[in-house]
There are 2 protein chains.
Amino acid sequence: MPDNRGTRPAQPTLRDVAERAAVSAMTVSRALRDDPRVLPATRDRVRAAATELGYRPNEVARSLRLGKGSGLVGLIVTNLANPFYSRLALGVDSVLRTQGLKTVIGNTAQDPAAERSLVEDLVARRVDGIIAVPAGPDQRHLATAAAEGVPVVLASRPPEGFDADCVLVDDFGGAKDATEKLIARGHHRIGFLGSPTAVYTGTERLRGYRAALTGAGITPDDAYVRQGQQQTAEAARAAAGLLSLPAPPTALFCSNNRNTIGAFRAISAAGTRTALAGFDDFELADALGLPLTLVDYDIDELGRQAGRMLVDRTRERGGAPRRTVVPTHLVEYGTTTTPD
Amino acid sequence: MPDNRGTRPAQPTLRDVAERAAVSAMTVSRALRDDPRVLPATRDRVRAAATELGYRPNEVARSLRLGKGSGLVGLIVTNLANPFYSRLALGVDSVLRTQGLKTVIGNTAQDPAAERSLVEDLVARRVDGIIAVPAGPDQRHLATAAAEGVPVVLASRPPEGFDADCVLVDDFGGAKDATEKLIARGHHRIGFLGSPTAVYTGTERLRGYRAALTGAGITPDDAYVRQGQQQTAEAARAAAGLLSLPAPPTALFCSNNRNTIGAFRAISAAGTRTALAGFDDFELADALGLPLTLVDYDIDELGRQAGRMLVDRTRERGGAPRRTVVPTHLVEYGTTTTPD
DNA sequence: CTGTTAGCGCCTTCAT
DNA sequence: ATGAAGGCGCTAACAG
């Protein structure tokens, strides 16, 4: 991998400003940071010199000297194009920016190797912390970072194999609620479409779905379960598969918005009256001309809580790891069908 | 604004590793970077010591010493929650990462002051460049950064008042094509819904809309033009306003996806057969049960080109500013209505 | 109020 | 093949 950090034309330094203002570098340093010990007249002179030279403090040097972090917090997500992650990022940033911290977003595109190298790079840059939505079950790179004293907060998944703060969604409860709603409407054969099995949120939501069935005296049937779809096209194919079973499900529960949208397309194409429910709200869900039950929750709040936890952790290291859970609620769009 | 960069527990440095491996710091530095001048045996010993200590090279110190950039590129956008910007970010990052550069995303939430301070911070961190989608017409902060030698690339808007590379979309042509399509279907009274007037893309698209009308011998009527809507709700209100005119437009052209979606909602609510066209494709556009003509273009490519331009610029400073334009094409969803 | 000294962690240069 | 000196730009600590 080529190292392309550019050769920068030399920028003026403290000393250049000092020379021009006929003071010492130290005085410039103080004047520019509004140290009250500097004579107002001197301060103004220094300021003027700095402006004339177009002086910019070098945050890199400052950071090194202060021996603290860089004022940066790394946020690791798998796919920024998913509105879920971009909203999360905004929530995180809204909190961090009030604390003078900058958010560096790293996109891993689901690649564990990319995630690992990203973490290493962030640690090397001495970030003040890392907020991550880990892609896979192997979190050793995060464990290492945490062990080296970098505050780590996980969002939407719990830590595996080490201790860290985390902010979760009520995956189990939300999935159970939505499935129960379908059951209450008279559905017995309910299909499940979900993300890869290795993903925590996926398995929790599957658990919730099964719990709802069991609680209603319905035996979960794995023939109605399709897991592993990440894109809407795959999800549509999986849904079509379920719909063409000899005894097709009369309702589908989808564990995330990619699967819900895919299922919607499959149902539209098949022309059936299959009821649809899913995890995650999404734009235009109300305009699809199909009844839809969605498990909604405050993504921004998820991000804000993650940001707050990280800030707390930069202040008080040590202490037991904290875990909070963001609640979910059901949203209904259109009118819901009942089985024939 | 509190400065919350955390106090980090001391991490092992080169010297710590040197002591443990019983060599000098210099040798450690070389060994860790695979300098061939180091005896393999020594190198292994050093490596072992580094691992045992959990040593991580300090990128901050490295960066300072090398006197080059930080290996970071700042990307400034107004609203990450808009899929347009998150896709752009992915396109940019896909190019930069192959060059060993990291993308730092800054969200300004349309606030010019936030944008200014973001630029300053990036310059202070000695980023290797800045890619920006400026929020407003005042670009002096970017001009300053450029003048100080930081490569600046603008995406989707041209530089105002200074020279810089930029990557644009064929705003004029796309808007003209879409409007002509509506005209070809027999529409004469065509409304326009757009973003704030100060935004370049908005004015270009308005120009395209007007050019199509004029070209067809229709006199543009400002009574059919509504500008300034940023959110779908405002756009829906503006569209409803047009639809309730004495002689309502039989078709609407929207200058971005927020306005298109708002217009869609207004048309649905009003129950009219108003034809709809807009700039930007969006997910589920095909599922709205309404005919829709959209101006589509490759956002990722926009990002990739911006990334490439920046990389080029870090290598060869100087030279005339470059400007490229990403082409657009029309996409049709559903069947299109003709005026009564 | 201002200046001097020293050093953050690393790497270039020049010895050895 | 390895090491010692010096300094990147900045600031804390201690003069004066």
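Residue numbers start from 1 in every chain, and the chains themselves are labelled A, B, ... in the order their sequence lines are given, proteins ahead of strands. Please read these numbers as outputs of a predicted model, since none were measured by experiment.
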May I ask you to decide if [Y]'s main-chain N or O and [X]'s side chain share a donor-acceptor pair within less than 3.5 Å?
X        : Y        : answer
A/Arg157 : A/Pro134 : yes
A/Ser70  : A/Arg126 : yes
A/Arg45  : A/Ala21  : yes
B/Asp165 : B/Val153 : no
B/Thr108 : B/Val77  : yes

Can you tell me the distance, in whole Å, between the [atom1] atom of [X] and the [atom2] atom of [N]?
X        : N      : atom1 : atom2 : answer
B/Asp35  : C/dT13 : CG    : P     : 13 Å
B/Leu32  : D/dT2  : CG    : C1'   : 16 Å
A/Arg125 : C/dG9  : CZ    : P     : 18 Å
A/Arg56  : D/dC10 : CZ    : P     : 13 Å
A/Arg37  : C/dT4  : CZ    : C1'   : 14 Å
B/Met26  : C/dT12 : CE    : P     : 7 Å
B/Leu64  : D/dG6  : CG    : P     : 19 Å
A/Asp34  : D/dT11 : CG    : P     : 13 Å

**Request:** Tell me what A/Leu14 touches on the nucleic acid: a base, only sugar-phosphate, or nothing, going by heavy atoms under 4.0 Å.
**Result:**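 A/Leu14: base contact, heavy atoms under 4.0 Å.
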Under 4.0 Å between a side-chain N/O of [X] and OP1 or OP2 of [N], yes or no?
X        : N      : answer
A/Ser29  : D/dT11 : yes
B/Ser24  : D/dG3  : yes
B/Arg15  : C/dC8  : yes
B/Arg126 : D/dC10 : no

Listed nucleotide nearest any side-chain atom of [X], set [options]:
X       : options               : result
A/Thr42 : C/dC8, C/dT2, D/dG9   : C/dT2
B/Leu66 : C/dG9, D/dT11, C/dC11 : C/dC11
B/Asn58 : C/dG9, C/dG3, D/dG3   : C/dG9
A/Arg30 : C/dT12, D/dT2, C/dT2  : C/dT2
B/Val23 : D/dT2, D/dG3, D/dT11  : D/dG3
B/Thr27 : C/dC10, C/dT12, D/dT2 : D/dT2

- Using 4.0 Å as the upper bound for N to carboxylate O, is an ion pair formed by B/Arg140 and B/Asp138? yes
Using only heavy-atom distances, decide whether a donor-acceptor pair under 3.5 angstrom links the side-chain of A/Arg65 to the base of C/dG9.
->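 Checked by distance alone, the answer is no.
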ask   = How do B/Ala61 and B/Pro36 order along DNA chain D: which one's closest nucleotide is nearer the 5' end?
value =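 Its nucleotide being nearer the 5' end, the pick is B/Pro36.
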